[in-house]
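Presented below is the structure to which this report refers.
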Protein chains: 2
Amino acid sequence: MRSATLQVLLWRRALDPHLGRWSLPGGRLRPDEDVEQSIRRQLAEKVDVKQLTHVEQLAVFSDPYRVPGPRVVATAFLGLVPSGVDPAVPEDTAWHPVDALPRTAFDHEAIVQRARDRLRAKLSYTNLGFALAPKEFTISALRELYSAALGYRVSATNLQRVLSRRGLLVPTGNTAPSGRTGGRPAALYSFAHDDMQVTDPFAVFKPPAPKQGRRSRTRVSAPDTVT
Amino acid sequence: MRSATLQVLLWRRALDPHLGRWSLPGGRLRPDEDVEQSIRRQLAEKVDVKQLTHVEQLAVFSDPYRVPGPRVVATAFLGLVPSGVDPAVPEDTAWHPVDALPRTAFDHEAIVQRARDRLRAKLSYTNLGFALAPKEFTISALRELYSAALGYRVSATNLQRVLSRRGLLVPTGNTAPSGRTGGRPAALYSFAHDDMQVTDPFAVFKPPAPKQGRRSRTRVSAPDTVT
DNA sequence: TCAAAAGTGTTCAGCCTACACCCATGT
DNA sequence: ACATGGGTGTAGGCTGAACACTTTTGA
C-alpha cells in the first residue's frame, strides 16, 4: 500500500479467468517457502517491490467459488511501502486509490477492504506509521499520511502530542526549509523504531498495578496478538 | 477453548508422524467447503463439539518444515465453547490447561499460545466474554471466567462497572441462591449480544466529534478489522 | 448479631481532544 | 509589518482502578 491518497498496487490479469481485470499481485506458494517468503518473493520478482517496511498476514480466503474452476485458497497479506519510495513497477501494474478501485478480479476488492481496515485500526494503537513515512519527515507531512490512510483529517497538533507521549517521535535536529509563502520552518522527525510495536494496549482489566512510583507504560502484547 | 482454568481440547495422534502426542483437532480441507466450514465440520464429526459460541481465524502456519514429510499448510482457528457446556468427547481426546500443556505434536503449542493471546486481547476490547459465559451468570462467576482466561485476578467490581458502562450486561431479574455460608444472593445477568462486537474502539485520532449533545458510543469496526 | 458475599459511591489518575496562544520565516 | 505555517500551554471530558461503604443473606 502507498500514500498521498491511500493506494494499492494492482496488476492486470493476462490470463483468462477474469482476463484484463485488475488483481492483487501474488502467486503460487512453492514447496520450499512459507507464505510470507512467498509473497515477498512474488512482489520482488513480479512487480519489483522490495522495500517493504511492514508485512502481515490478513486472512485466508477459501470460499470454494471465489475463483472459477478448481478451488484456490489464498492467504492475503497487508504489505506497506513508505511514502517516498516509488518502485518502478512494470507496464501492466499500477497504483490505485483504495477508495476508488477499478473493477477487480475475484474477491480482491474485499481483500483490499480488509487490508485498509486493518491498517486503519493499527495506526491507532501501534507505531505502524513508521511503515508509511519516509526516514525523516515533518509533522505536517506525517499528518497528510495519517489523514490519507485514515480517511479523515487528523489534527497535526494532536498527532504530534500522542506520538510524542508514546515516545515514538525522535527529533532529528534538522529542519525543513519553509515554503515560498513563508511560515516557520518545520522540524524534522523520525520514528524511534522501525518494527511494529503495540503502543496503546487497550488492556482493560489490567493486572494489578505494580506499587511503584511511576507506572511504566506497559508495552504489552506481541505484535500479532491482536493481529 | 474452555474455562475454570483456560483449557484446550487436544487429541492423541493415532498416526505416525508424532504418534501418541497431543494435537489440535482438525483435518483436511475438502474441495467444497471453506476453512471455517471445515473446522466446524471436523469438530462436530471427530470430537462431537457443536456448540461453538465463537470461531475466528488465527493465522496460517506454513513453515515448510513444520510437519515432517511433504509440507502441510494449516489455517489455525480460535473456537470457544461456553463454560457450562461439556461436550462428551471421545476416548482419545481431553481438555488440557493452556498454561500446562503436555508434549504436543508439530507447532501446535505455538498455535495454542497464539490463540490464548488473541483471546486475552479481545476480552479487553470486545464483548467476547459472551462466548465463554453461560446464558445466565453471576458477576462472580463471570469474574472467574475472565480471571482464568486472562491469567490474573480480575476485580469483580470493575468488571461489573466496565461491562455495564459498555451496555453489555443485561440483568435477567433472577437471582442465584446464596451459598451455605451466607452472603447476599447474586443477581443474574446475561450478555446483551451473542455475536462479537468491538466495544472499545481504541481509535486514537478519532474523526472530529459530531457536534451533538451526547456523543453516541461508536460501535466502529467490523469484527475482524483488527482480527 | 456476626460473618460472608454482592453491589454501589466516590475519588483519583491517565489519556486524548479542542482551542487559544506564541514562534519563526518569507515577502 | 503581516501573512503563513509550525509548535506549545492549558482546560475539559471520558474511562478505568482502587477502595471504602452499604446491602442482603445464612448461621
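The structure displayed is predicted, hence computed values, not measured ones. Chain letters run A, B, ... following the sequence lines, proteins first and then strands; every chain starts at 1.
- Regarding contacts with the backbone of D:dA27, every side-chain N or O of B:T181 stays at 4.0 angstrom or more from both OP1 and OP2.
- The existence of a salt bridge linking B:D34 and A:R66 is excluded, since no basic side-chain nitrogen approaches an acidic carboxylate oxygen closer than 4.0 Å.
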Q | A:R103 vs A:E109, salt bridge (Lys or Arg N to Asp or Glu O under 4.0 Å): CA-CA, chis, key distance, verdict | A | CA-CA 8 Å; A:R103 184 148 201 237; A:E109 180 163 356; over 6 Å; no
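- In this structure, the side chain of B:T126 engages the main chain of B:K122 through a donor-acceptor pair within 3.5 Å.
- Computed from coordinates, the B:F137 CZ to C:dA6 P distance equals 14 Å when rounded to whole Å.
- Straight-line distance from the CG atom of B:D200 to the P atom of C:dG14: 19 Å, rounded to whole Å.
- Contact check on A:E144 versus A:R153 returns a salt bridge, with a Lys/Arg side-chain nitrogen under 4.0 Å from an Asp/Glu carboxylate oxygen.
- Between the CG atom of A:L142 and the C1' atom of D:dG7 there is a distance of 15 Å, given to the nearest Å.
- Going from atom CG of B:L163 over to atom P of C:dG7 covers 13 Å, rounded to whole Å.
- The CZ atom of B:R143 sits 13 Å away from the C1' atom of C:dG7 (whole-angstrom rounding).
- As a whole-Å value, the separation of A:R165 CZ from C:dA13 P is 17 Å.
- Using a 4.0 Å cut-off, no side-chain N or O of B:R184 falls inside it from OP1 or OP2 of D:dT22.
- Remark: A:Q160 is in phosphate contact with D:dT8, judged by side-chain N or O atoms under 4.0 Å from OP1 or OP2.
- Not one side-chain nitrogen or oxygen of A:T157 sits closer than 4.0 Å to the OP1 or OP2 atom of D:dG7.
- Put simply, the side chain of A:R161 and the base of D:dG7 share no donor and acceptor less than 3.5 Å apart.
- For A:A187, the listed nucleotide lying nearest its side chain is D:dG7; candidates were D:dG16, D:dG7, C:dT17.
- Taking the side chain of B:P185 as heavy atoms from C-beta on, and the options C:dG7, D:dT24, D:dT15, the nearest nucleotide is D:dT24.
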